[in-house]
Amino acid sequence: MTESEKPNWRPMWKELGIDMEKHDQLLSVLPDVFKEIYIDAQKNRPEAIGFWDFVVGDIHGIRVNELKKAKDEGKKVVGTFCLYVPDEIIFALGAIGVGLCGGTNFSNYAAEDVLPANICALIKSAIGFGIGNICPYYAMTDILIGETTCDGKKKAWEVLSDYKPIYVMETPQCKSRPQAREHFITELKALIKKLEEVTGNKLTVENLKAAMEKISKKRAQMRRIYEARKANPPPISGKDALLMSQVAFYDDPDREIEMVGKLADELEQRIKDGVGVGDKKAKRILISGTPMAIPNWKMHHIIEKNGAIVVAEETCTGTRYFDAEFPEIKGDSINDLLELIADRYLNINCACFTPNDTRLLDIKQLVNEYKVDGVVLYTLSFCQAYDIEAVAFEKILKKEGIPVISITTDYSSEDVSQLTTRIEAFLEML
Ligand code: BJ8
């Protein structure tokens, strides 16, 4: 669809109460940034990635319109901010889940009066989008689901509750203890009760199983993309793989299964044909740390602009999204299925939990499987959980002979030249 063929979405945005002046400013910048980073800076991209280019070009268009239509038909839209809130339950109850993490400092101005200056960029961005009425996805939500992962988020939900209906799910802090599983299942049941009230639908073994199968299929297709990235040269850039993952948070799961599947087919064919992005000698980088919500493409761009290729991300916009899986979707009761869900979700290794040694094991496994030359430990400023783990992980990885660099940054572009210098030196050292 060309620019002139695009439907006029402005009446929809106005109807949603979007701050049009700010929204226009945002949409006047984003396409240029995207063009610079994705279209102009990359060569030999897979053809199927055109779908994602389109999605970003129409970021507040077709998908928002789909949500609007679904709402007109009585469906509810549920906004989430963390992988620990199971999409399976949301979709089983006939609602639509959309990930709302913010990846740009554009919305910070709206959060400045309600949040301290020294808070993680992801929280500031997400809260700014919510209360500044800039994001149509927020405007579409009937309820937001927060969670008690990091302290910043916990307190941010209190702020957000003045503007939007929000329900907070309590995630256990010591997830490896046996009682954590029990506690998480109790919390899942409370979430179900809340969402049943909101949607007017009842959770059944059948609808939960169907949703588990659907969301699993989506994760399985994403896993294929990552499998393909193990090839040398990788058939897709880190930037394009990141984009695929970022869009998966808010797109329709059925369409994702289809489109990610098509992309995976193409990547597998490219590997057979010996087609890749970059050359075989390019340094292979693993990024590990805090999630990169759309449009946070900064780190990948710096690394790939300097001739290396990001081959995997140990992040929630990377392997943590799809790594853990149900062994088999079977059970005769909701309880049986919730046990499967709890086990799958408690297997996500986020720094908000203690102990979290399994994350280090994941990093080492990825280094081996993806033949990684160097690890970038990526932390958003003021994210204490990931920052503290980065200090320990850097020491351990270095001791084991794995080259590593620790980067703490935010969404601004002020440190780009400084980061570029550090990455260039790191790549040279590899
Ligand atoms: S499962 S990583 S999505 S909590 S970067 S807001 S932790 S101060 S996003 Fe996360 Fe769930 Fe964990 Fe993943 Fe806080 Fe850190 Fe900010 Fe973070």
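Counting convention: from 1, in listed order, for ligands and their atoms alike. Numbers here simply count residues along the sequence, with the first being 1.
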List the closest protein heavy-atom neighbour of [atom]: residue, atom name, distance to the nearest 0.1 Å.
| atom | result |
| --- | --- |
| atom 11 (Fe) of ligand 1 | C82 SG, 2.3 Å |
| atom 16 (Fe) of ligand 1 | C120 SG, 2.3 Å |
| atom 12 (Fe) of ligand 1 | C350 SG, 2.3 Å |
| atom 14 (Fe) of ligand 1 | C150 SG, 2.3 Å |
| atom 15 (Fe) of ligand 1 | C383 SG, 2.3 Å |

**Message:** Taking only non-hydrogen atoms of C352, do any sit less than 4.0 angstrom from ligand 1?
**Reply:** yes
**Message:** Under 2.8 Å from atom 13 (Fe) of ligand 1, is there any N, O or S atom belonging to C316?
**Reply:** yes
**Message:** Using a 6.0 Å distance limit plus a 45 degree cone around the ring axis, check whether R229 lies over the aromatic ring of Y226.
**Reply:** yes
**Asked** Is K124 positioned over the aromatic face of Y411, cation under 6.0 angstrom from the ring centre and no more than 45 degrees off axis?
**Response** no
**Message:** Could you report the tightest heavy-atom contact between R219 and A324, atom names first, then the distance?
**Reply:** NE-O, 4.1 Å
**Prompt:** Which heavy-atom pair separates I134 from G128 by the least distance, and what is that distance?
**Reply:** CD1-O, 4.1 Å
**Request:** Give the numbers and elements of all ligand 1 atoms closer than 4.0 Å to a heavy atom of P291.
**Result:** 2 (S), 9 (S)
